[in-house]
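First up is the structure itself, then whatever we jot down about it.
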Amino acid sequence: MSQNPNIGSLVGLWTYRSFLNDPSLAAPFAGLEFGRANIHIDEAPAGALVGKLYDTGFSLSLSGSINGGYPSVVRFQGRGVVGGEQWIYDYLGFVVPAWPNGVDQRPAIVGSIVRTIPHSGGKPGTVAPAGVVCSWIAVRQDDSAT
């Protein structure tokens with residue numbers, strides 16, 4: 001079942017990656033990683049986005065909306081308790097339209113993420129501040145993976 005007849009179904013499993021917005025061309029690609037996980041988008045009423053973003057050690061519940069324009073827009077919030085503290089991130093994404101002459105094009109969503117509230121950083125005694133903005137992509141996994 002699709003959430004919106006204009007965009008087909010986003011329901012299923014997606015591979016998620018987010019990147020620091022470092023404009024330096026000399027920055028090593030491996031150093032740009034902000035996060036990686038799976039996104040599972042659940043069936044929901046038209047216009048709604050519900051699911052979870054998860055990996056080993058964390059899970060965020062996703063809730064938001066899908067707008068069937070061109071390109072289609074997803075806007076959602078991820079919330080969860082990770083390591084005993086609240087994490088909240090806001091996401092804005094654009095469903096990449098299919099190229100008429102594209103070869104083996106995978107469904108993809110591209111967008112921006114902001115850390116809505118601070119939480120502990122990756123190293124003891126550090127803080128991951130609110131307001132950090134990164135770019136993200138999600139690529140649809142094979143139907144057999146859902």
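Everything numeric here is computed off the predicted structure, so don't read it as measured data. Only heavy atoms go into these numbers, but all of them, side chains included; no hydrogens, no water, no symmetry mates.
Residues V132 and Y89 fail the side-chain proximity criterion, which asks for heavy atoms closer than 4.5 Å. Residues R75 and N67 form no side-chain contact, since every pair of their non-hydrogen atoms from C-beta on lies 4.5 Å or further apart. Side-chain contact between V50 and I41 is absent, with no heavy-atom pair separated by less than 4.5 Å. Residues S112 and V133 have side chains in contact (heavy-atom distance under 4.5 Å, counting atoms from C-beta outward). Contact annotation: the side chain of V73 approaches that of L92 to within less than 4.5 Å [non-hydrogen atoms, C-beta and beyond]. For the pair L13 and I39, the minimum side-chain heavy-atom distance is 4.5 Å or more.
In this structure, CG on D22 lies 12.0 Å from CZ on F29, to the nearest 0.5 angstrom. In this structure, OG on S59 lies 5.0 Å from NZ on K52, to the nearest 0.5 angstrom. In this structure, CD1 in I113 is found 8.5 Å from CH2 in W136, a value given to the nearest 0.5 Å. One distance of note links CG of L53 with OH of Y16; it measures 6.0 Å at 0.5 Å rounding. Of the inter-residue distances, the one linking I66 atom CD1 with I109 atom CD1 reads 8.0 Å to the nearest 0.5 angstrom. Atom-to-atom distance recorded for E33:CD and C134:SG is 11.0 Å, nearest 0.5 angstrom.
Between Y91 and G78, the closest heavy-atom pair is CE1-N, 3.9 Å. Taking both residues in full, the closest heavy atoms of G31 and L20 are given as O-CD1, 3.8 Å, listed atom of the first, atom of the second, then distance.
Counted within 6.0 Å of CG on N101, heavy atoms from surrounding residues, nucleotides or ligands total more than 12; the atom is thus considered enclosed. Summarising the local packing, CZ of R17 is surrounded by 12 or fewer heavy atoms from other residues, nucleotides or ligands at distances under 6.0 Å.
Looking only at distances, no side-chain donor or acceptor of Q77 sits under 3.5 Å from a matching main-chain atom of I88. The backbone N or O of G35 sits less than 3.5 Å from a side-chain atom of S18, completing a donor-acceptor pair. Side-chain atoms of R106 come within 3.5 Å of backbone atoms of R140 as a donor-acceptor pair (strictly under, hydrogens ignored). When atom types are taken as modelled, the side chain of W87 and the backbone of T116 share no donor-acceptor pair closer than 3.5 angstrom. Proximity of a side-chain donor or acceptor of Q105 to a complementary backbone N or O of P97 within less than 3.5 Å is detected.
For the residue pair H40 / D42, a side-chain donor-acceptor distance below 3.5 Å is found, with atom types taken as modelled.
Hydrophobic clustering (side-chain heavy atoms under 4.5 Å, transitive across Ile, Leu, Val, Met, Phe, Trp, Tyr) keeps F76 apart from V81. Put simply, F58 and I117 are part of two different groups of oily side chains (I, L, V, M, F, W, Y) that touch within less than 4.5 Å, one to the next.
Centroid-to-centroid, the aromatic rings of F19 and F34 stay 6.0 Å apart or farther.
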